[in-house]
Undergrad: 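The structure that follows is given in the form of structure tokens.
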Amino acid sequence: MITGKAYKPKDVEEKWLAKWKKNNRYSSQPSNKSPYTIVIPPPNVTGILHMGHMLNNTIQDILIRKARLDGFNACWVPGTDHASIATEAKVVKMLKEKNINKHEISRSEFIDHAWEWTNKHGGIIMDQLKRIGCSCDWTRTKFTLDDDLSESVIEMFIKLFKDGLIYRDKRIVNWDPEAKTTLSNEEVIYVEKDSKLFFLKYKIQDSDEYISVATTRPETIFGDSAIAINPNDKRYKKLKGSKVIIPIVNRLIPIVFDEMVEKDFGTGCLKVTPAHSEKDFSIGIKHKLECIDIFNDDATLNKNGQHYNGLDRFLARKKIVAELDEKKLLLDTKKYKNKLSMSERTSCIVEPKLSIQWFLKMDLLSKPALDTVINDEIKFYPKKYVNTYKHWMENIRDWNISRQLYWGHRIPVYYCNKNKSKFVVAKSRNEAVEEFKKIDSNIDTREIFQENDVLDTWFSSWLWPISVFDGVRKPKNNDINYYYPTSTIVTGPDIIFFWIARMVISGLYLRDEKPFENVYFTGIVRDNKGKKMSKQLGNSPDPIELIEKYGADSVRIGLLFSAPAGNDLLFDESLCVQGRNFTNKLWNAFRLFETFKVSSELDQKDSTIQAIKWFESKYNLKVNKINQCFKNFKISEALMIIYKLVWDDFCSIFLEIVKPKFGNELSQESSLLIKSYFNKILVLIHPFMPFISEELFVKLNTKKEIISENLIWPKSGSIDNSFLRDFDDLILIVTKVRNFKKQKNISFKDELSIFHQNKNINESLSSVFKKLTNCKLIFSEDLDSKDLSTIVVGKYKYIVDFNQDTKEDDIIELRKALDYNLGFKDIIEKKLSNSKFIENAPNNVIQGERNKLDDVLKKIEIIKETISKKN
RNA sequence: GGGCGCUUAGCUCAGUUGGUUCAGAGCACUUGGUUUACACCCAAGGGGUCGGGGGUUCGAAUCCCUCAGCGCCCACCA
């Protein structure tokens with residue numbers, strides 16, 4: 001025997017990775033087969049693999065391998081995302097360590113650094129995906145900043161602009177003072193924090209009276225341009241036409257009346273800073289108020305902040321509170337819980353800021369995208385996310401698509417003068433120059449310059465299912481015609497708006513066709529205490545280390561043992577142990593097969609014929625269930641069915657029956673059949689555990705056949721239900737007998753005779769029974785004369801020929817069984833004598849109850865009879 | 001403030017339209033077992049008033065109401 005006792009995944013995995021790579025095994029080209037397409041959610045180009053990726057990509061691999069076995073032309077497109085804000089932040093940090101300030105070098109110098117960084121750290125994650133067994137078409141690997149994908153983004157922008165859907169506007173936007181860029185609403189997260197509400201004293205002009213104004217942000221008083229009060233607030237009616245003096249600043253501002261102010265909040269008086277709050281901005285517009293910006297880009301106060309000029313906003317708050325207090329202008333301070341808006345990427349507190357940005361009009365685009373999901377043309381798994389999606393689509397706001405960054409797709413807009421009043425949209429600078437010349441032939445072309453902003457990263461990601469097939473630039477090319485719409489997208493619910501919703505929008509807009517059929521939402525991977533895995537907590541294992549320790553197949557199924565769609569997954573390393581044990585089980589099943597000595601002169605044994613007949617039906621039954629699971633994207637459940645099929649049905653029952661006793665031989669025919677079932681099992685396992693399944697398949701068949709090329713996923717086959725029932729009943733008797741032996745302290749090897757009158761058990765099944773229990777099942781016309789131990793299974797009793805006196809124990813057991821069955825009988829009789837039940841219940845239910853009653857009456861009779869004999 | 005979802009065995013979760021013994025699975029646990037594929041194993045076994053209360057029904061884990069706890073998403077109360 002060459003094969004070791006325990007499965008050693010490392011060598012096997014290296015071998016298969018090399019093979020797959022060598023012949024580009026998983027590459028796909030359009031063909032006459034039906035396509036099954038998945039595009040990967042592109043991870044950040046400089047990211048490294050974490051458990052979330054591991055889960056997500058394992059699921060994709062399972063789906064794509066299953067589809068391949070199903071006979072589809074399966075294509076899984078891999079790639080990475082430039083992740084503009086995250087990557088730029090990393091590059092800025094790296095430069096800072098080298099004492100280089102982003103703003104002191106030119107744009108192109110920065111971009112050079114960024115590419116250098118990307119080339120150095122990029123793509124690692126693609127290699128890690130290979131390690132976990134992902135069967136992507138690596139020849140199609142894409143990056144969102146590749147030339148073709150970049151051009152696609154620019155073309156999309158131009159098309160949307162021409163359709164009047166992109167516009168430039170001055171608005172209050174979310175400003176990230178750390179990254180110094182705007183953010184879309186989706187990139188802002190809200191966190192509840194304990195903060196304080198300060199009550200400030202605003203003196204009324206030409207009066208000794210004052211009003212109290214509540215604010216959480218006293219440092220913004222420099223930007224105040226009015227105090228607003230609800231017109232229905234009786235307390236302040238008399239103040240109409242009055243003006244108040246801002247504390248410390250000593251500037252005079254008007255009191256305005258606006259329904260937007262809540263009477264019941266604070267004192268009912270709202271300080272209005274139009275430059276630093278969306279609501280204040282709209283009040284400002286309505287009442288024609290001055291707009292005073294008091295912050296620099298890094299959220300320090302600017303010269304409008306007077307003596308706080310240059311100070312950070314939070315430091316300024318502390319100091320100004322102290323100053324107000326000192327000057328008796330602070331009336332009160334109260335504890336207050338409010339929600340802080342934070343940048344999703346940099347975690348710093350977002351500052352509402354007035355600026356000119358580019359926006360995409362969403363209302364018209366969103367309508368068909370909503371319908372497609374509501375009509376079930378795109379299916380969500382689990383379905384509950386349809387609600388979330390619907391809510392977002394119905395309340396959609398315009399998308400701020402410009403970012404004040406360098407790393408990304410630069411907006412294809414060109415200006416001809418410093419104040420940016422005139423611009424054209426063009427693919428290139430040359431094209432822009434031509435456009436400007438059409439307007440003004442004397443234009444000074446040196447004045448023409450491109451917009452500095454780049455586009456939001458998601459403005460390229462939302463094209464991903466189209467752009468990876470170059471379908472934006474060439475809408476009718478072979479690839480896009482063949483692979484689009486894609487089949488399934490697998491992602492986390494956290495990017496349902498960022499990505500899923502927008503892909504649906506762009507797909508319908510560009511191609512009038514949905515981007516995918518199914519959306520499978522995975523949950524979040526948490527630790528065994530339910531905490532979200534994160535670098536800070538240090539509770540996130542490195543998937544690659546786990547693979548080193550347990551093997552890729554084991555980690556894959558370990559993760560999947562409990563990962564229903566959309567539910568969070570509580571991960572514990574013990575799951576990998578379970579996975580490893582399973583690979584080992586398979587490995588040893590193979591080792592057992594290897595030990596079989598085959599003789600061509602033997603006939604098949606009776607028990608083997610029965611076992612094969614049973615396993616055939618059992619396998620087909622389970623395959624039906626597994627196929628059903630796949631249809632509904634119940635991947636974990638499918639895995640569990642396979643796990644039990646292999647461990648319980650195949651190993652514990654089937655192999656135990658068919659394996660020859662020590663030294664004996666197996667018939668040629670049996671050997672071939674057993675091998676064929678082993679192969680059938682390897683096919684089922686393959687999507688989940690690609691390495692060990694390929695390895696065992698090759699070893700088992702000693703040919704160069706490879707699962708994904710030569711085997712196909714089973715369709716449903718024939719099931720002999722009545723035989724299955726008889727056989728499963730037999731297994732029940734086996735269990736009872738084993739239990740009996742244990743209770744009576746009889747060795748499992750001891751042979752006993754068991755007499756019965758169950759006509760469903762023929763000679764052949766008795767031979768199976770002998771294999772599993774080492775006991776004989778003997779049909780006997782005359783059970784009454786045998787005053788021995790009795791086991792009752794179903795409607796039959798089984799008398800064990802066991803000479804030790806077990807009468808007392810038996811009677812106790814039998815009495816228990818009698819009590820239970822009498823109770824059960826009462827319940828059924830009560831039900832059947834209830835006239836309402838008879839009138840209302842459907843016939844099949846009533847008949848079912850009658851059958852139950854018959855069975856239980858027979859059983860009671862047998863038990864009573866046995867007890868009376870014992871006495 | 002609005003919306004969605006969850007609560008079933010020690011843990012993680014299944015449980016289709018209410019109806020065959022429907023109260024399940026895996027893990028964990030208990031007990032017994034090992035020269036003859038696997039102790040990363042085999043065999044047997046014990047665990048739950050289906051979050052609480054009320055209702056509808058012949059019949060409820062499943063439908064309705066209500067209370068409690070937990071989670072998520074959305075929203076411009078400063």
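In what follows, chains are A, B, ... by sequence order, proteins preceding strands, each numbered from 1.
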Undergrad: Rounded to whole Å, please give me the gap between NZ in A:K634 and C1' in B:A25.
TA: 13 Å

Undergrad: Using OP1 and OP2 only, check whether a side-chain N or O of A:R738 sits under 4.0 Å from B:G45.
TA: no

Undergrad: Tell me which nucleotide, if any, is Watson-Crick or G-U wobble paired with B:A78 when both distances must be under 3.5 Å.
TA: none

Undergrad: Both distances below 3.5 Å, Watson-Crick or wobble geometry, any strand: find the nucleotide opposite B:A68.
TA: B:U7

Undergrad: What interatomic distance, in whole Å, is found between P of B:G2 and the corresponding atom of B:C67?
TA: 14 Å

Undergrad: Considering Watson-Crick and G-U wobble pairs with both distances under 3.5 Å, what does B:C63 pair with?
TA: B:G55

Undergrad: Between the base of B:A28 and the side chain of A:Q578, is there any donor-acceptor pair under 3.5 Å?
TA: no

Undergrad: Look through every strand shown and name the nucleotide pairing with B:C41 as Watson-Crick or G-U wobble, where both distances are under 3.5 Å.
TA: B:G33

Undergrad: Pick the P atom in B:A75 and in B:U17, then give their distance to the nearest Å.
TA: 33 Å

Undergrad: Are A:F521 and A:Y385 close enough that their ring centers fall under 6.0 Å?
TA: yes

Undergrad: It should be established whether A:N840 places a side-chain nitrogen or oxygen under 4.0 Å from OP1 or OP2 of nucleotide B:C58.
TA: yes

Undergrad: Rounding to the closest angstrom, what is the interatomic distance between B:G26 and B:G15 at atom C1'?
TA: 15 Å

Undergrad: Please state whether the rings of A:F497 and A:W392 are parallel, tilted or perpendicular, taking 30° and 60° as the class boundaries.
TA: parallel

Undergrad: What distance, rounded to whole Å, do you find between the two P atoms, one in B:G51 and one in B:U62?
TA: 8 Å

Undergrad: Nearest whole Å is fine: how far is B:A14 P from A:E637 CD?
TA: 9 Å

Undergrad: Counting any heavy atom closer than 4.0 Å, what does A:F748 reach on the DNA or RNA strands: base, sugar-phosphate only, or nothing?
TA: sugar-phosphate

Undergrad: Quick check on B:G47: syn or anti? Syn means the glycosidic torsion is within 90 degrees of zero.
TA: syn

Undergrad: Please write out each protein N/O paired with an N/O of nucleotides 11-13 of chain B under 3.5 Å, distance rounded to 0.1 Å.
TA:
unit_1 : atom_1 : unit_2 : atom_2 : d
B:U12  : O2'    : A:S562 : OG     : 2.7

Undergrad: Please give the distance between the P atoms of B:U16 and B:C58 as a whole number of Å.
TA: 23 Å

Undergrad: When you check the phosphate oxygens OP1 and OP2 of B:C42, does a side-chain N or O of A:W647 lie under 4.0 Å from one of them?
TA: yes

Undergrad: Output the single nucleotide from B:C77, B:A43, B:A25 whose closest atom is nearest the side chain of A:S652.
TA: B:A43

Undergrad: Rounded to the nearest Å, what distance is computed from the CZ atom of residue A:F199 to the C1' atom of nucleotide B:C77?
TA: 12 Å

Undergrad: Check this for me: does the side-chain of A:K585 come within 3.5 Å of the base of B:C38 through a donor and an acceptor?
TA: yes

Undergrad: If the threshold is 4.0 Å, N to carboxylate O, is there a salt bridge linking A:E751 and A:K770?
TA: yes

